[in-house]
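A, B, ... follow the sequence lines: proteins, then strands. Residue 1 opens every chain.
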Protein chains: 2
Amino acid sequence: MDEMDAAMALVEKWRSQSRKGFLDLCALSLLASREESYGLDIMETLSRAGLEVSEGTLYPLLARMTREGSLASSWSTPETGHPRKYYRLSPTGQLVLAAMREEFERNAAALRRIEGGTR
Amino acid sequence: MDEMDAAMALVEKWRSQSRKGFLDLCALSLLASREESYGLDIMETLSRAGLEVSEGTLYPLLARMTREGSLASSWSTPETGHPRKYYRLSPTGQLVLAAMREEFERNAAALRRIEGGTR
DNA sequence: CCAAATATCTTGCTATGCAATACATAATAT
DNA sequence: ATATTATGTATTGCATAGCAAGATATTTGG
């Protein structure tokens, strides 16, 4: 299966491209249903939902969204345990999330129309 | 509405990121339901399905997928009308499309779980 | 005290979307 | 004839995100 291998290599490359932006939507969605959370916990939760995300992807993502104003962050240094940076959705983040969800749905609907063979 | 403007600017930036890869899936899906088509026709069809794609996006995309082997292309120079480059799905392209659809569905399902508030 | 686990951050590379621009040919109007 | 518009494809340059690899720091267990 030579053709199969070629196809799989292409899909692998495509895979990481197709996650651009999508991971933002996932992170915001998670924080919308959770009050607050920290990096590794977010990674584990996404993993349990079937989405493997590496640290080199998630931490820059959280830093960027905080810088942009969609997230707010604060350190927690408990008496026992590691210091953690907790993130939560800001008001701007809620607006952003709503718009992303709309756009995602619009795109999914467009894809269904395309698959259906619109002329 | 200052916060609204900030949010909309962010979403605008996110928008183009979130289309990365997604447009490959759309183009392949379209060609899977159509035998063959050419650049401007693909643009118009996507537009009718609710997906606006510019030339600077679509032509490089088609060139790349042809180079990679997911598409096959051939010029048509009819007696009347403009020369057009027609594209169609290759066998590799069909494998790639199937894998992309699977991955897209898997991601959509993960997002639904995340929205549902998985722990 | 050393190793493993927990937790976050950074660097460098690769790849795509897109505005802008360019180029060429066919049909239409003047 | 010739200028203009419409049709059709291609390229360049920039901005941006994903990700492997590696760095750093603290806590807990042997």
Side-chain angles (χ1 to χ4, degrees), chain A residues 9-28 36-47 51-68 70-71 73-87 100 103 107, chain B residues 9-28 36-47 51-68 70-71 73-87 100 103 107:
Chain A
L10 288 176
V11 174
E12 206 49 39
K13 187 181 63 162
W14 170 82
R15 204 175 164 282
S16 77
Q17 292 298 325
S18 72
R19 284 159 60 110
K20 297 195 178 187
F22 181 69
L23 297 181
D24 293 31
L25 173 53
C26 290
L28 291 180
E36 65 173 11
S37 182
Y38 63 97
L40 279 192
D41 184 48
I42 293 174
M43 273 185 63
E44 278 161 25
T45 307
L46 293 178
S47 172
L51 210 70
E52 302 298 332
V53 182
S54 70
E55 305 159 14
T57 297
L58 187 64
Y59 285 114
L61 183 158
L62 293 171
R64 169 173 50 84
M65 291 189 118
T66 304
R67 190 187 341 119
E68 292 170 345
S70 290
L71 299 181
S73 73
S74 54
W75 283 98
S76 104
T77 50
E79 286 111 36
T80 174
H82 277 262
R84 295 165 172 168
K85 195 185 250 181
Y86 277 86
Y87 295 91
M100 284 181 178
E103 175 80 7
N107 282 344
Chain B
L10 288 176
V11 174
E12 206 50 41
K13 187 180 64 162
W14 170 82
R15 204 174 164 283
S16 77
Q17 291 297 328
S18 72
R19 284 158 61 109
K20 298 194 179 190
F22 181 69
L23 297 181
D24 293 31
L25 173 54
C26 290
L28 291 181
E36 66 172 13
S37 182
Y38 63 97
L40 279 192
D41 184 48
I42 293 173
M43 274 184 62
E44 279 161 25
T45 307
L46 293 178
S47 172
L51 209 72
E52 303 298 333
V53 182
S54 71
E55 306 159 13
T57 297
L58 187 65
Y59 284 114
L61 183 158
L62 293 171
R64 169 175 49 87
M65 291 189 116
T66 305
R67 190 186 340 117
E68 291 170 343
S70 291
L71 299 181
S73 73
S74 53
W75 283 98
S76 105
T77 50
E79 286 113 33
T80 174
H82 278 261
R84 294 166 174 170
K85 193 184 252 182
Y86 276 86
Y87 296 92
M100 284 181 179
E103 176 80 8
N107 282 344

Exercise. Rounded to whole angstroms, how far apart are CD on B/Glu55 and P on C/dG17?
Worked result: 16 Å

Exercise. Start at the 5' end of DNA chain C and walk down; is the nucleotide closest to A/Met43 or to B/Arg64 reached first?
Worked result: A/Met43

Exercise. Quick one: is A/Tyr59 getting a side-chain N or O under 4.0 Å of the C/dT8 phosphate, OP1 or OP2?
Worked result: yes

For this session: Tell me, please, the opening and closing nucleotides of DNA chain D, 5' to 3', among those with an atom under 4.0 angstrom from a non-hydrogen atom of chain A.
Result: D/dA17 to D/dT28

For this session: Could you tell me whether the side chain of A/Trp14 reaches within less than 4.5 Å of the side chain of B/Glu103, counting heavy atoms only?
Result: yes

Exercise. Where along residues 9-21 of chain A does a heavy atom come under 4.0 Å from DNA chain D, residue by residue in number order?
Worked result: A/Ser16, A/Arg19, A/Lys20, A/Gly21

For this session: Could you state the atom-to-atom distance from CG of A/Asp41 to P of C/dA7 in whole Å?
Result: 9 Å

For this session: Check every strand shown and say whether B/Leu62 touches a base, only sugar-phosphate, or nothing at a heavy-atom separation below 4.0 Å.
Result: nothing

Exercise. Do the non-hydrogen side-chain atoms of B/Leu40 and B/Tyr59 ever get within less than 4.5 Å of each other?
Worked result: yes

For this session: Take the protein atom CD of B/Glu68 and the nucleotide atom C1' of C/dT14, then report the distance between them rounded to whole Å.
Result: 13 Å

Exercise. Looking only at heavy atoms, what is the nearest atom pair of B/Leu10 and A/Ser70, with distance?
Worked result: CD1-OG, 3.6 Å

Exercise. Quick one: does B/Ile42's side chain get under 4.5 Å of B/Val53's, heavy atoms only?
Worked result: no

Problem set entry | Phosphate contact (C/dA7 OP1 or OP2) by A/Tyr38 side-chain N/O below 4.0 Å | yes

For this session: Remember a base hit wins even if backbone is also touched, and classify A/Gly56 as base, sugar-phosphate or nothing at under 4.0 Å, heavy atoms.
Result: base

For this session: Of all the heavy-atom pairs spanning A/Thr66 and A/Tyr87, show the shortest one and how long it is.
Result: OG1-CE2, 3.2 Å

For this session: May I ask you to say what B/Ser54 touches in the nucleic acid, namely base, sugar-phosphate or nothing, with a heavy-atom cut-off under 4.0 Å?
Result: sugar-phosphate

Problem set entry | Side chain proximity check, B/Leu28 to B/Met65, heavy atoms < 4.5 angstrom | yes

For this session: Would you check, one step at a time, whether the test side-chain contact (heavy atoms from CB on, under 4.5 Å) holds for B/Leu25 with A/Ser18?
Result: CA-CA 9 Å; B/Leu25 173 54; A/Ser18 72; over 6 Å; no

Exercise. Between C/dA5, C/dC9, C/dC18, which one does the side chain of A/Trp75 approach most closely?
Worked result: C/dC9

Seminar exercise, completed: Nearest heavy-atom approach of A/Pro83 to A/Thr77 is CB-CG2, 3.8 Å

For this session: May I ask you to decide if B/Met43's main-chain N or O and B/Ser47's side chain share a donor-acceptor pair within less than 3.5 Å?
Result: no

Exercise. Checking all strands, does B/Tyr87 fall into the base, sugar-phosphate, or nothing category for heavy-atom contacts under 4.0 angstrom?
Worked result: sugar-phosphate

